Amino acid sequence: AQSVTQLDSHVSVSEGTPVLLRCNYSSSYSPSLFWYVQHPNKGLQLLLKYTSAATLVKGINGFEAEFKKSETSFHLTKPSAHMSDAAEYFCVPNFGNEKLTFGTGTRLTIIP
Amino acid sequence: GAVVSQHPSWVICKSGTSVKIECRSLDFQATTMFWYRQFPKKSLMLMATSNEGSKATYEQGVEKDKFLINHASLTLSTLTVTSAHPEDSSFYICSARAGLNPTGELFFGEGSRLTVL
């Protein structure tokens with residue numbers, strides 16, 4: 001079965017420290033993968049996407065993610081957290097059809 | 001990037017009334033749009049897939065007669081919550097895909113918060 005798992009429902013980091021948000025997918029083939037960010041009472045904004053090109057993908061606001069087929073992972077990272085990064089993050093694979101499968105989301109809290 | 005606009009951003013209505021939410025793709029044509037519902041501190045739940053010029057495809061458990069979806073043009077889809085009740089209060093988000101590639105990026109509206117009194 002095709003699915004996505006965001007391993008942490010809530011992550012807290014101090015401002016200026018690295019951020020790691022974990023995402024694993026389950027599929028018999030490599031899907032397209034997206035990370036979206038949602039600020040309170042807002043829609044979703046695309047951070048970055050993997051579409052079978054380079055496995056290390058750079059996105060907006062200093063975020064990047066690495067696709068690891070052997071680990072079926074697409075973890076999101078940022079070297080130094082900023083207060084404005086506090087939001088909900090969704091890992092979203094596309095398994096080849098037009099619908100997207102949303103992870104449960106990870107709420108990122110930044111400690112001043 | 002492409003812009004998707006939702007209107008209204010906030011709406012409060014009385015129980016039993018109907019509310020219409022619009023989703024517009026401002027600078028691209030969208031053959032397919034999606035409607036989601038999001039409960040507080042929860043992920044997005046796909047309600048239906050809206051296809052221009054044809055009937056929407058609803059996900060299992062979503063009442064077609066309660067949530068009417070119309071996709072009258074390549075830039076506009078509407079969601080009408082009929083005979084709204086307090087349990088329909090939620091955050092509704094639409095998205096649209098530019099182009100025909102089913103694995104392409106989705107662009108999201110800003111969401112519409114519905115409160116039913």
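In what follows, every chain begins at residue 1, and chains take the letters A, B, ... in the order their sequences are listed. Not measured: the values here are computed from a predicted model.
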Which bit of A:Phe102 is near chain B, if near means a heavy-atom gap under 4.5 Å: side chain, backbone, both or neither?
both
Grouping I, L, V, M, F, W and Y whenever their side-chain heavy atoms are under 4.5 Å apart, do A:Leu21 and A:Val13 come out in a common cluster?
yes
Nearest-0.5 Å distance that lies between atom CZ in B:Phe108 and atom CD in A:Gln38
9.0 Å
Are B:Tyr58 and B:Trp35 joined in one hydrophobic group, where the rule is that I, L, V, M, F, W and Y side chains link up if heavy atoms are under 4.5 Å apart?
yes
Below 4.5 Å from any heavy atom of chain A, which atoms of B:Gln6 appear? Answer side chain, backbone, both or neither.
neither
Give a yes or no on this: more than 12 heavy atoms of other residues, nucleotides or ligands lie within 6.0 Å of atom NZ of B:Lys55.
no
Are more than 12 heavy atoms, taken from residues, nucleotides or ligands other than B:His7, located less than 6.0 Å from that residue's NE2 atom?
no
What parts of residues 71-94 of chain B touch chain A if we use heavy atoms and a cut-off under 4.5 Å?
B:Phe91, B:Ile93
Spell out, yes or no, whether A:Val57 and A:Leu76 are grouped together once hydrophobic residues are joined by side-chain heavy atoms under 4.5 Å, including indirect joins.
yes
Part of A:Lys49 lying under 4.5 Å from any heavy atom of chain B
side chain
Between A:Tyr36 (side chain only) and B:Leu106 (backbone N and O only), is there a donor and an acceptor less than 3.5 Å apart?
yes
Report yes or no: do A:Ile60 and A:Ile110 belong to one cluster of Ile/Leu/Val/Met/Phe/Trp/Tyr joined by side chain heavy-atom distances under 4.5 Å?
yes
Say whether, by atom type as modelled, one donor and one acceptor occur between the side chain of B:Ser43 and the main chain of A:Gly103 under 3.5 angstrom.
yes
If hydrophobic clusters are built by linking Ile, Leu, Val, Met, Phe, Trp and Tyr wherever their side-chain heavy atoms come under 4.5 Å apart, do A:Phe63 and A:Phe90 end up in the same one?
no
Rounded to the nearest 0.5 angstrom, the CG-CD distance for A:Leu44 and B:Gln38 is 7.0 Å
